[in-house]
Every structure is written in C-alpha cells, then in structure tokens.
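Okay, so here's the structure we're looking at.
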There are 2 protein chains.
Amino acid sequence: MKGKETEREEARTRPSKEARGHLDRERVLATAARLVKRHGPEALTMRALAAELGTAVTSIYWHVGNRESLLDALVERTLADLGEIRATGRTPAQRVASVARALRHQLLDHPHLVAMVHERGLTERMFLPAQRTLVHEVHGAGLRGARAADAVRAVQVHVVGHILVERNRERAPQQHPGEEELWTARTAEEDGALARALAGPHDPAALFDVSVKALVTGLLGPAP
Amino acid sequence: MKGKETEREEARTRPSKEARGHLDRERVLATAARLVKRHGPEALTMRALAAELGTAVTSIYWHVGNRESLLDALVERTLADLGEIRATGRTPAQRVASVARALRHQLLDHPHLVAMVHERGLTERMFLPAQRTLVHEVHGAGLRGARAADAVRAVQVHVVGHILVERNRERAPQQHPGEEELWTARTAEEDGALARALAGPHDPAALFDVSVKALVTGLLGPAP
DNA sequence: ACCTGAACACCGTTCAAGT
DNA sequence: ACCTGAACACCGTTCAAGT
C-alpha cells in the first residue's frame, strides 16, 4: 500500500520507546521523521525527540548540528524519495495536465512536506525533477523558447499555489461571515446555481482539474 | 508616496520609545502593527512589545487577551482597511484579469499580510470582498451557475497561490543545484532560448500576467 | 569519538497582590 | 478598572566535564 520501505522495516521491528542501543545520525533522522509524520513539524522539539530516542537532549546536537539542520535533512531526504513524474494521455494538453495532477498527488501524499519546503524557501528546488518532464511535454505541444519557459513555470506555480491554499483550507476554522452565509440568490445577482455552488462545500480535486485544464488550454493555445 | 495616513500621524509625532501615558487596546494594536510592519510578525514578542509601550509585559494581556488574539486583531484590521477592487478593461477576459492583478497588487502592498492570513486559515475570508467583483465580471463574460463559481474560485486560488510562491522566492536562499546550473541547451532538449529563460532571473509580474491571461482565456472559452 | 547535566537566554502565560 | 513582578512551564543551544 505504501511501497518502497526497504531498510526502514528493521527500525520498526524493535520497540521504539525504549530503543536505545547506540545513537547515530540515521536513527536520529528516522525517529524525527516518524514524529513529524505523526504530529507535524511543530511537534518536533529537541526534548521530545530526545525522550523518544532515550538519550540526553544534547546528544542529538552531536549528530545533526541543531534543529534547523535536522529539519533541513528531513526535507532533503523526503524530496530525494519522491520518485519520477510521468506524463499520460494522448493530446499535448492532456499530457501537461497529467503532470500537474501527478505532482499534486505526490505532494498530497506528504502532508507536511509542502509547508516545510515552503518555510525553507525550497519550493523551486522541489520542482526541479518535474521541470524536466514539463519541458519535454511542453516541447511536445510545440512551444519553444521563452514561451515554453513561461508555460513550465506557470504550471509549477499553479500546482504549489493550489496545494498551499488547499492544505490551508483544511485546517481553517469556521469563518463568520463565510461563503455559506454570504451567498444567496439575491447577493449572487439572481444566479441561484452560482450561489449554491459558492455556498456549498469545496471539492479541491475538481477545482484543480477545472483550473489546470483552463490554464493549460490558455498556455498551449494561439499566441497573443 | 504612501497615501492615506490620517490619524496615524499623531501617534508618530510623539516619541515612540518612551510614550507611556495611559495604555489602551488601541495603543497596543497600533504599536504592535508598527512592529510587525517593520520587522515581521515573528519579531512581535510580548516582551518586545511591552518594552516599546513602556509597560509591564503582563499589562498587555489585560487589553488584548494573548498574543494569538492580538495577531488576529491585527489581521482583522488590515483586512478591513484593504479597500475595494474595481475591474478595468474592455473585454470580459481583460476585466477578469484586471481584478486578479488588482488583487495581487493589494496584497503585495502588505508584505506580511498574506503569510499571517495563511497561517490563520483566513485565506478564504480575505477574498470575500473581491469575490463579489469577480462574480459580477464572470457574469459579464456570460458564465452562469456552477461554471461561473468554478471560474471565480479558480482565479482566487491562482492569485493567492502566486503570491505565496512569489513571497517565498524572495527570501529563498541560493540553491544548489538551482535552475541556473541545471538548464543548459543540452539539458533543455537543444532549446537554447528556453534554457536561458529557465536559468535566468524570474520576473514574477510578467509570469503572473501570462498565467492569469492563459487561465482566464481557458475559463471563459468554450465549455469542454 | 561520543554522551552527559547544568546553565543560559529566550519564549508565552498565570496569578496573587497592589492601586 | 487597570497595572505590576514573581513564578511557571516551556523552548533551543552552549559548554565544560565525563567516558
């Protein structure tokens, strides 16, 4: 169901709480990754990590420097594990859109990654692998030079932007006034269906689909 | 050069450091806003704020509750001050795109606002005023019902997403390998112009323009 | 080479005590 | 009604001292 867990297994077989044995960079990173995965990056305090490792807080510093570089290493590792993006579909527009969708799903699989990457200013770097695929597909669509570069970057920004907003929405508190109470047929210029759509629940996947199709259509369409 | 500073002036005429006098919610908020504007929200500690106000740290709590609700109030106030968005241009596509651009500029004028709103999950609320304008313009373009709602939301997400990514890029450290060293004619499938464009400096405004035009074209174009 | 506890300089927040 | 300092429970980090 998760795929490619190879040597991660051995770490999980021995009991985690009291697993002291010897401490090394690998064990620190693995344990930290587990904590982040379960409770989010803000829950990763040096003291909590030390408790989980069964060592003194200060021992961690010897292996990973400090908290900041520990998180850097975690992000680095996750990025390296992401795996390639492949395009599917027949038409150029379909193929470009498929890359965007694949990218989105990859990031949704790592709930905390986007925020951590964002905070570290690594957003660009995160997309370098996918950029090559995008370049290829945009070429396949017949775009060249600066216009091709614009298309690649536009799709990139669109995907990250969408995910950032989407994750944000999930944890957003109920707002007053929110879309629900704001939009009635009267406020929506008598367009009842629009009012219902704006007041109703969000479907991020559907919205992503619509907007990415529109964007790609516009990008690959006739030059201005 | 900055516009609309009315009663803000009086606060600046008296010396800020030692301005004690009586403390009230208004003065706490104003001083906090000044600190955030100058050094960012992370620099707003209760102790620093107390020092600036010339009071004990704990006095602040009586007026604003705690740090979190203080920041909430600041965000609230800034949002309320934003002012309306008006569309310009002749064609429907131009008018919708102009709303997106106006929104972007409004947010760029408040460097810390987007991040603060993002952290608080208020992204949606931030856009409620602009939503009405968007609904009107999308109607003007002939869209109705669910399709109109999709268009409105797609533009919204696009603008915030773009700004989040853009602000992120500004503070991003130099990356290795970055786009500069990755893209040569050889890696770019012999498209030298594309390689130069991807390796060269970013122009966020231009990219925003291109992508928003493409998105709007796609959204207002013939239904799928 | 690795691990430790004590100590430091920060946080936000609570609370009893003042006026 | 408002302001205060002392105290608490957290942080990340440094460092001299241990083995």
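Throughout, protein chains are lettered first and strands after them, A, B, ... in sequence-line order, and every chain is numbered starting at 1. Everything numeric here is computed off the predicted structure, so don't read it as measured data.
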Residues A:Glu52, A:Arg27: salt bridge by 4.0 Å N-O rule: no
Per-nucleotide protein contact string for nucleotides 7-19 of chain D, where B marks a base within reach and S marks sugar-phosphate only (heavy atoms under 4.0 Å, - for neither): ----BBBBB----
Qualifying salt bridge (Lys or Arg N to Asp or Glu O under 4.0 Å) pairs with a residue from residues 201-212 of chain A, counting only residues at least two apart or across chains: A:Arg101-A:Asp209, A:Asp209-A:Lys213
B:Arg196/B:Glu180 ion pair, N-O < 4.0 Å: no
Atom CD of B:Glu42 with >12 non-hydrogen neighbours under 6.0 angstrom: yes
B:Arg120/B:Glu76 ion pair, N-O < 4.0 Å: no
Distance-only side-chain donor-acceptor flag, B:Ser211 / B:His158, under 3.5 Å: yes
DNA chain C: stems of at least 3 consecutive Watson-Crick or G-U pairs whose donor-acceptor distances fall under 3.5 Å: C:4-8 with D:12-16, C:12-16 with D:4-8
D:dT4 OP1/OP2 closer than 4.0 Å to side-chain N/O of B:Ser59: yes
Test log, rule side-chain hydrogen bond (donor to acceptor under 3.5 Å, both in side chains), inputs A:Thr78 and A:Asp81: CA-CA 5 Å; A:Thr78 312; A:Asp81 277 358; over 6 Å; no
Shortest side-chain distance from B:Ala56, nucleotide among D:dA1, D:dG5, C:dC3: D:dG5
Side-chain N,O (B:His63) to OP1/OP2 (D:dC3) below 4.0 Å: yes
